[in-house]
Amino acid sequence: VPYLAGLFLDERRRAVGESQKNYAKAQIKHGKRMKAPVWGWASSTTPSGRYLSYGEMRDEIVTPYASLLAALYFRKDAYGNLKKLETFPGMRGEYGFKDSLNWQTGETARQWFTPSQGMAFLSLANILFDGIVWKSFAADETVQNGLAEISGRSK
């Protein structure tokens, strides 16, 4: 998942953050180019229950958590996409968005996939609570030592 480290480290002002931003922008553009009503390609379970990982993704299968990860860079686009996803019958249930949608057939995944829900939750927490996950993670001494080592400023 391109954004995984970005859930714990604020990478928005780094090259990897620029890459994440470009990845989200490319998804939005790809959806428009295909005239898809929604976008959001990432590893997910299909409505039939098969898990699609990178290299196997299909244009007609989207996942809502991709919008929440992209929201760090494109809040209005992500919000609009989530609102459109909500219009598909069965896309939301008692635990939130289902894991995926086939926007061509309207079929939704039957389950909620815990990793997808977790990534969506952490991304949303960072957005709504001023980077709370980033700040909590960065406060850990082991993380501080690792970041110092990576940057050449080891203690």
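In this chain, numbering begins with 1 at the start of the sequence shown. Keep in mind the model is a prediction, meaning the values are calculated, not measured.
Although no hydrogens or angles enter the test, the distance criterion places no donor-acceptor pair under 3.5 Å between the side chain of T63 and the main chain of S100. Here the side chain of N126 pairs a donor or acceptor atom with the backbone of L7 at under 3.5 angstrom. A donor-acceptor pair under 3.5 Å is formed between the side chain of R110 and the backbone N or O of P47. The main-chain N or O of I132 is found under 3.5 Å from a side-chain atom of S136 such that the two form a donor-acceptor pair. Although no hydrogens or angles enter the test, the distance criterion places a donor-acceptor pair under 3.5 Å between the side chain of N81 and the main chain of W39. When atom types are taken as modelled, the side chain of W103 and the backbone of A36 share no donor-acceptor pair closer than 3.5 angstrom. With N22 contributing its side chain and A24 its backbone, the two residues share no donor-acceptor pair below 3.5 Å. Judged purely by atom type and a 3.5 angstrom limit, S151 uses its side chain to pair as donor or acceptor with the backbone of A148. Not one N or O on the side chain of Q111 forms a donor-acceptor pair closer than 3.5 Å with the backbone of D99. A donor-acceptor pair under 3.5 Å is formed between the side chain of T87 and the backbone N or O of K84.
Using a 30° and 60° split on the angle between ring planes, F113 and Y51 fall in the tilted class, from 30° to 60°. Ring geometry, F137 versus F8: the interplanar angle falls from 30° to 60°, so the pair is classed tilted.
Contact detail for F74 and K21: the closest heavy-atom pair is CE1-O, 3.4 Å. Nearest heavy atoms, P37 versus F88: CG-CZ, 4.0 Å. Across every non-hydrogen atom of T108 and P89, the tightest pair is CG2-O, 3.9 Å. Annotation for P64 and L82: closest pair O-CD2, 3.9 Å, computed over non-hydrogen atoms. Across W41 and A66, no two heavy atoms sit closer than the pair N-CB, 4.2 Å.
Atom CD in Q104 sits 9.0 Å away from atom CZ in R58 (nearest 0.5 Å). The distance from the CG atom of L52 to the CE atom of M57 is 8.5 Å, given to the nearest 0.5 Å. With rounding to the nearest 0.5 Å, the separation of OG in S67 from CD1 in I28 is 8.0 Å. Distance check, rounded to the nearest 0.5 Å: CD of Q20 to CZ of R12 gives 10.5 Å.
Of the charged side-chain nitrogens involved, at least one lies within less than 4.0 Å of a carboxylate oxygen, so that K135 and D130 count as a salt-bridged pair. The existence of a salt bridge linking R50 and E56 is confirmed by a sub-4.0 Å separation between a basic side-chain nitrogen and an acidic carboxylate oxygen. In summary, K83 and E86 engage in a salt bridge, as defined by a charged side-chain N under 4.0 Å from a carboxylate O.
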> Given R92 and K98, is the side chain to side chain contact (heavy atoms under 4.5 Å, CB included) satisfied, shown in steps?
Replying inline: CA-CA 6 Å; R92 283 203 40 202; K98 299 286 182 74; over 6 Å; no
>> Is there a side chain to side chain contact (heavy atoms under 4.5 Å, CB included) between R33 and H30? Walk through the geometry before answering.
In response: CA-CA 5 Å; R33 190 172 40 253; H30 182 65; 3.4 Å; yes
>> Please determine whether side chain to side chain donor-acceptor pair (under 3.5 Å) holds for the pair Q117 and Y95, giving the CA-CA distance in whole Å, both sets of side-chain angles, and the decisive distance to 0.1 Å.
In response: CA-CA 9 Å; Q117 295 289 323; Y95 304 113; over 6 Å; no
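Follow the hydrophobic side-chain contacts under 4.5 Å out from L68 and you reach L101 in the same cluster. Each of L122 and Y79 belongs to its own hydrophobic cluster when Ile, Leu, Val, Met, Phe, Trp and Tyr are linked at side-chain heavy-atom distances under 4.5 angstrom. W112 and V38 sit in two unconnected hydrophobic clusters of ILVMFWY residues. Membership requires side-chain heavy atoms under 4.5 Å apart, directly or through other members. Linking Ile, Leu, Val, Met, Phe, Trp and Tyr residues whenever their side-chain heavy atoms come within less than 4.5 Å places Y73 and V133 in a single cluster. When hydrophobic clusters are built by joining Ile, Leu, Val, Met, Phe, Trp and Tyr residues whose side-chain heavy atoms come closer than 4.5 Å, directly or via intermediates, W134 is grouped together with L147.
Side-chain rings of F97 and Y65 stay apart, their centers remaining 6.0 Å or farther from each other.
A search for salt bridge (Lys or Arg N to Asp or Glu O under 4.0 Å) contacts involving R75 returns nothing, not counting sequence neighbours.
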